[in-house]
Amino acid sequence: MAKSYISYNQIHQSIRDAVERYKINSEFKPDLMITITGGGLVPSRILRTFLDKRNDRNVPIQAIGLSLYEEIEADQAAGGTGENIEVRKTQWLNLPEQMSLLNRNILLVDEVDDTRKTLAYAVDELIKDIQAEEVRQGMEPGSSDTKLGVFVLHNKLKPKKRELPDHIMKNYFACVDLPDKWLVYPWDAIDIEEHTELSKSPSPK
Ligand code: 5GP
């Protein structure tokens with residue numbers, strides 16, 4: 001598969017542009033980020049730089065771990081097709097007692113939306129957590145004023161294997177839409193100078 005190299009500077013700039021373009025600070029107003037490790041880590045930290053503080057504090061970032069690609073690779077190495085591999089949790093939220101998911105504007109952050117399996121799984125699980133907390137508080141599931149949105153650096157334009165619910169797609173923010181190519185991120189580079197040079201060659205638009 002053709003590759004496209006993405007530099008740190010391109011990432012920084014596309015996040016800045018996306019925050020402006022989607023008016024994220026004035027419309028969605030995130031007050032909690034949930035990042036999918038490891039691809040979402042650097043993007044969520046850069047994104048925080050462009051988000052308005054809430055009560056004079058930086059928007060907190062919580063991390064969750066999900067695995068899909070490593071499992072697919074392992075299945076393929078064992079002679080399988082990798083097609084039937086599902087996402088599984090490797091790490092989940094462990095919020096301090098005083099921190100609630102309810103009545104928050106939560107932005108789920110990852111680096112790339114490829115088949116959408118990972119995002120759809122994470123969204124389903126977070127909705128379950130939100131509803132469970134609502135029930136614990138004696139509320140009807142879905143009745144709190146909690147917003148969940150998705151922020152990704154890259155969305156690959158291709159048929160997706162999973163869909164996101166409509167109310168999530170209303171708050172779906174992709175910095176850049178790209179054709180279906182393999183994206184090489186700078187945090188995976190061994191030689192960052194060479195990687196940055198490669199990112200300057202004409203990339204797929
Ligand atoms: P999805 O569940 O949308 O198929 O895949 C999501 C995960 O697959 C991403 O979080 C990322 O870890 C990995 N992935 C998918 N496409 C690419 C790509 O083009 N480049 C890199 N580096 N990772 C990818």
Side-chain angles (χ1 to χ4, degrees), residues 6 8-66 87 89 91-114 116 118-134 137 139 141-156 162-177 185 187:
I6 317 286
Y8 282 117
N9 283 8
Q10 288 164 347
I11 290 169
H12 209 96
Q13 194 59 46
S14 20
I15 292 176
R16 184 181 182 178
D17 293 346
V19 170
E20 282 283 306
R21 189 169 72 252
Y22 293 113
K23 300 186 172 62
I24 288 179
N25 279 314
S26 55
E27 293 186 2
F28 187 82
K29 301 185 184 152
D31 57 12
L32 174 63
M33 277 187 274
I34 296 179
T35 187
I36 304 179
T37 65
L41 287 171
V42 177
S44 52
R45 178 57 190 85
I46 297 174
L47 174 58
R48 189 165 85 174
T49 299
F50 298 110
L51 294 183
D52 289 347
K53 291 191 175 185
R54 318 282 300 189
N55 303 323
D56 277 338
R57 300 201 174 193
N58 285 317
V59 175
I61 304 174
Q62 293 284 327
I64 57 174
L66 300 171
V87 182
K89 288 179 185 172
Q91 180 188 329
W92 201 248
L93 293 175
N94 186 10
L95 299 181
E97 220 153 82
Q98 71 281 8
M99 199 165 174
S100 165
L101 291 173
L102 302 192
N103 306 318
R104 310 288 296 253
N105 302 331
I106 305 167
L107 207 45
L108 177 67
V109 182
D110 204 359
E111 88 280 48
V112 54
D113 176 355
D114 181 21
R116 204 162 272 175
T118 305
L119 286 171
Y121 178 86
V123 162
D124 281 354
E125 293 299 307
L126 288 172
I127 290 174
K128 281 188 213 162
D129 281 6
I130 292 165
Q131 294 188 346
E133 199 180 329
E134 287 166 338
Q137 307 266 340
M139 304 167 77
S143 63
S144 69
D145 190 18
T146 310
K147 266 197 302 186
L148 183 59
V150 168
F151 185 98
V152 289
L153 290 178
H154 298 114
N155 172 37
K156 294 194 201 172
R162 290 277 316 268
E163 295 298 325
L164 295 172
D166 289 346
H167 67 279
I168 302 291
M169 286 310 286
K170 282 192 191 130
N171 292 307
Y172 175 90
F173 312 113
C175 298
V176 184
D177 289 327
Y185 288 100
W187 43 84

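Not measured: the values here are computed from a predicted model.
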Shortest non-hydrogen separation from [X] to [Y] and the atoms involved:
{"X": "P30", "Y": "L107", "result": "CG-CD2, 3.8 Å"}
{"X": "A63", "Y": "T37", "result": "CB-CG2, 3.6 Å"}
{"X": "I64", "Y": "A122", "result": "CD1-CB, 4.3 Å"}
{"X": "P43", "Y": "G39", "result": "CD-O, 3.1 Å"}

How about [X] and [Y]: do any of their side-chain heavy atoms sit closer than 4.5 Å?
{"X": "V176", "Y": "I6", "value": "no"}
{"X": "V42", "Y": "I11", "value": "no"}
{"X": "I61", "Y": "V109", "value": "no"}
{"X": "M99", "Y": "P60", "value": "yes"}
{"X": "W187", "Y": "E111", "value": "yes"}
{"X": "L102", "Y": "I130", "value": "yes"}

Nearest 0.5 Å please: distance from the [atom1] atom of [X] over to the [atom2] atom of [Y].
{"X": "L153", "Y": "Q10", "atom1": "CG", "atom2": "CD", "result": "11.0 Å"}
{"X": "L108", "Y": "L32", "atom1": "CG", "atom2": "CG", "result": "10.0 Å"}
{"X": "L66", "Y": "W92", "atom1": "CG", "atom2": "CH2", "result": "5.5 Å"}
{"X": "L126", "Y": "Y121", "atom1": "CG", "atom2": "OH", "result": "10.0 Å"}
{"X": "T49", "Y": "I15", "atom1": "OG1", "atom2": "CD1", "result": "8.5 Å"}
{"X": "H154", "Y": "D114", "atom1": "NE2", "atom2": "CG", "result": "12.5 Å"}

Using only atom types and a distance under 3.5 Å, with no angle test, would you say the side chain of E134 pairs donor to acceptor with the backbone of G142?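 Answer holds: yes.
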May I have all residue pairs that pass salt bridge (charged side-chain N to carboxylate O under 4.0 Å, His left out) and include part of residues 41-53, sequence neighbours excluded?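 Listed once each, the pairs would be none.
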Pairs satisfying salt bridge (charged side-chain N to carboxylate O under 4.0 Å, His left out), at least one member in residues 121-133, at least two apart: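 Non-adjacent pairs meeting salt bridge (charged side-chain N to carboxylate O under 4.0 Å, His left out): K89-E125, D124-R162, E125-K128.
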Name all pairs fulfilling the side-chain hydrogen bond (donor to acceptor under 3.5 Å, both in side chains) condition that reach into residues 20-36, sequence neighbours left out, sorted by first residue then second.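 Sorted pair list: D31-R104, T35-S44.
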Does atom CG of N94 have more than 12 heavy-atom neighbours from other groups under 6.0 Å away?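 No, the 6.0 Å shell around CG holds no more than 12 heavy atoms from other groups.
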Show me, pair by pair, the donor-acceptor contacts under 3.5 angstrom made by side chains of residues 163-175, not counting sequence neighbours?
| residue | atom | partner | partner atom | Å |
| --- | --- | --- | --- | --- |
| Y172 | OH | D113 | OD2 | 2.6 |
| Y172 | OH | R116 | NH2 | 3.4 |
| Y172 | OH | N155 | OD1 | 3.3 |

Please, which pairs that meet ring pair (Phe, Tyr, Trp, His ring centres under 6.0 Å) have at least one residue in residues 29-65, sequence neighbours excluded?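 As it turns out, the ring pair (Phe, Tyr, Trp, His ring centres under 6.0 Å) pairs with a partner in residues 29-65, which skip direct neighbours, are H12-F50.
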Taking only residues two or more places apart in sequence, or in another chain, which ones meet N9 in a side-chain hydrogen bond (donor to acceptor under 3.5 Å, both in side chains)?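 With sequence neighbours excluded, N9 shows a side-chain hydrogen bond (donor to acceptor under 3.5 Å, both in side chains) to no residue whatsoever.
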